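Every chain is numbered from 1, with letters handed out A, B, ... down the list of sequences. Values below: every heavy atom of this structure, side chains too, minus hydrogens, waters and symmetry copies. Fair warning: this is a prediction, and the values are worked out from it, not measured in the lab.
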Protein chains: 2
Amino acid sequence: MKEYLNLQDHLCFSIYACSRAISRMYRPLLNKLGITYPQYLVLLVLWEKGERSIKEIGERLDLDSGTLTPLLKRMEEKQLIQRTRLKTDERVVKISLAPKGEVLHEEAACIPSALVESSGMNIEEIVELNEKIKALTKRVLSAESHNYFTKQDDDSIIE
Amino acid sequence: MKEYLNLQDHLCFSIYACSRAISRMYRPLLNKLGITYPQYLVLLVLWEKGERSIKEIGERLDLDSGTLTPLLKRMEEKQLIQRTRLKTDERVVKISLAPKGEVLHEEAACIPSALVESSGMNIEEIVELNEKIKALTKRVLSAESHNYFTKQDDDSIIE
DNA sequence: GATAATTATATTGTGCACAATATAAACGAT
DNA sequence: ATCGTTTATATTGTGCACAATATAATTATC
């Protein structure tokens, strides 16, 4: 078992660097549409099904309200979405696609292929890598909730 | 070729979500050491070789000065590193490990194993995944510099 | 049906990321 | 030596992420 790992041997760093690289590759494409990468993800969720609560969007993207609330307000200012508080439960804010947000669906259709092309991988390889990363994420998230290594004096300070 | 991809089929999202999940899993461990994940990465670089210029750190982590300058100042305030402007070339700021930063090397030794454990993968699988992701990053970065899809009206506005 | 507990969103504050720009030092060619 | 170019860092401004907390509405319990 190696003690002193090189930076490049750290899986955490590879994934962190890869995520930023993809985001940077997408940026010029998304700039043309006037949106950022997290905003694009929100649109992906809304394109699946035109209406979602903020909570549902957060669960889907694993983002909390501190991130989503201002992001969605910026998207409303750009008239991509509408924010409406539910009459039946006034705690819930319903996010729905505005016409401009619908239109972007067509214009953004080419975006996923940008990664496919530049990845130099075929669809089978991409699907396989995707499955591996999703499995890793799932395990990491459950390890996080177990708080494996931090039973002693971390979160438990609160008590 | 599928037109309408589900969010979970997007490799970009899987990697983005995985990166944040790992960062969140590390957070309680890093909190104990009083550092953040990007600060941990800077320390990994310095632990390899005690001294680096900001430029070298930036090249290693693929982060620019707008990110590193304030981050390194926070690390200096915490007495983890020292910042010294070179006498021989006063443009260059040399970053070196302070005693507190050296000490953390021991305390942080368990961190990489946290991901290994929670990943549920063996070393061979991790190395293989790591290589695939590094290869993807490399290709994405070179695609980005070619500006594949954006020859017309994006960056070329500058001209 | 008042009160406690839960739920959904919002707010605040800190720390990245990164584009765009500024500044200042070093270097190169004349 | 001087001027233009390059190089290294810093600054500014915007937009995430996320912890911690607040607020307000709903639901559950008695």
> What are the two closest non-hydrogen atoms of P112(A) and H10(B), and how far apart are they?
Replying inline: CG-CE1, 3.5 Å

> What nucleotide, of dA19(D), dC16(D), dT9(D), holds the atom closest to the side chain of R24(B)?
Replying inline: dA19(D)

>> Any donor-acceptor pair, under 3.5 Å, between the side chain of R91(B) and the base of dT7(D), if you only look at N and O atoms?
In response: yes

>> Students often get this wrong, so: under 4.0 angstrom with heavy atoms, is D64(A) touching a base, only sugar-phosphate, or nothing?
In response: base

> Quick one: is R27(B) getting a side-chain N or O under 4.0 Å of the dG15(C) phosphate, OP1 or OP2?
Replying inline: no

> Taking OP1 and OP2 of dA17(C), is either one under 4.0 Å from a side-chain nitrogen or oxygen of Y16(A)?
Replying inline: yes

> For S19(A), which contact category applies under a 4.0 Å heavy-atom criterion: base, sugar-phosphate, or nothing?
Replying inline: nothing

>> Please report the distance, rounded to the nearest Å, between CD1 in I57(B) and P in dC16(C).
In response: 13 Å

> What integer distance in Å separates L68(A):CG from dC16(D):P?
Replying inline: 10 Å

> Rounded to the Å, how far apart are L86(A) CG and dT27(D) P?
Replying inline: 12 Å

> If you pin V92(B) and P38(A) to their nearest nucleotides in DNA chain D, which one's is more 5'?
Replying inline: V92(B)

>> When you compare the side chain of C12(B) with that of Y26(A), does any pair of heavy atoms fall below 4.5 Å?
In response: yes

>> Whole angstroms only, please: what is the CD-C1' distance between E59(B) and dT7(D)?
In response: 12 Å

> Take atom NZ in K78(B); do more than 12 heavy atoms of anything else shown fall under 6.0 Å from it?
Replying inline: yes

>> Rounded to whole Å, please give me the gap between CG in L72(B) and C1' in dT9(D).
In response: 11 Å

> Should we count NZ of K49(A) as having more than 12 external heavy atoms under 6.0 Å?
Replying inline: yes

> dA10(D) P sits how many Å from L71(B) CG, rounded?
Replying inline: 12 Å

> Start at the 5' end of DNA chain C and walk down; is the nucleotide closest to A21(A) or to E56(A) reached first?
Replying inline: E56(A)

>> By the 4.0 Å heavy-atom rule, please label S53(A) as base, sugar-phosphate, or nothing.
In response: sugar-phosphate

>> Is the phosphate of dA10(C) approached by R85(A) (side-chain N or O, under 4.0 Å from OP1 or OP2)?
In response: yes

>> Side chain of I54(B) only, heavy atoms from C-beta on: which candidate in dT9(D), dG15(D), dA10(C) is closest?
In response: dT9(D)

> R20(B) has a side chain; which of dT9(C), dA17(D), dT9(D) sits nearest to it?
Replying inline: dA17(D)

>> By nearest atom, which of the nucleotides dC18(D), dA10(C), dT7(C) is closest to the S65(A) side chain?
In response: dA10(C)

> Once you round it to whole Å, what is the distance between C1' of dA10(C) and CD1 of I95(A)?
Replying inline: 13 Å

> Among the nucleotides dA25(D), dA10(C), dA17(D), which one has an atom lying closest to any side-chain atom of E90(A)?
Replying inline: dA25(D)

>> Rounded to whole Å, how long is the line connecting atom NZ of K94(A) with atom P of dT9(C)?
In response: 13 Å

> Which listed nucleotide (dA24(C), dA8(C), dA10(C)) is nearest to the side chain of K55(A)?
Replying inline: dA8(C)

> Are any of R74(A)'s side-chain N or O atoms less than 4.0 Å away from OP1 or OP2 of dC16(D)?
Replying inline: yes

>> Under 4.0 Å from OP1 or OP2 of dG15(D): is there any side-chain N or O of K78(A) that close?
In response: no

>> On DNA chain D, does the nearest nucleotide to G66(B) precede the nearest nucleotide to D89(A) from the 5' side, or the other way round? Give the residue.
In response: G66(B)

> Do the non-hydrogen side-chain atoms of Q8(B) and F13(B) ever get within less than 4.5 Å of each other?
Replying inline: yes

> Can you find a heavy atom in the side chain of I22(A) that is under 4.5 Å from one in the side chain of T137(B)?
Replying inline: no

> Base, sugar-phosphate alone, or nothing: which one does K73(B) contact when heavy atoms must sit under 4.0 Å apart?
Replying inline: sugar-phosphate

> Counting any heavy atom closer than 4.0 Å, what does T36(A) reach on the DNA or RNA strands: base, sugar-phosphate only, or nothing?
Replying inline: sugar-phosphate

> So with a 6.0 Å cut-off around CZ of R60(A), is the heavy-atom count from everything else above 12?
Replying inline: yes

> From dA17(C), dT9(C), dC16(C), pick the nucleotide closest to the side chain of T69(A)?
Replying inline: dT9(C)

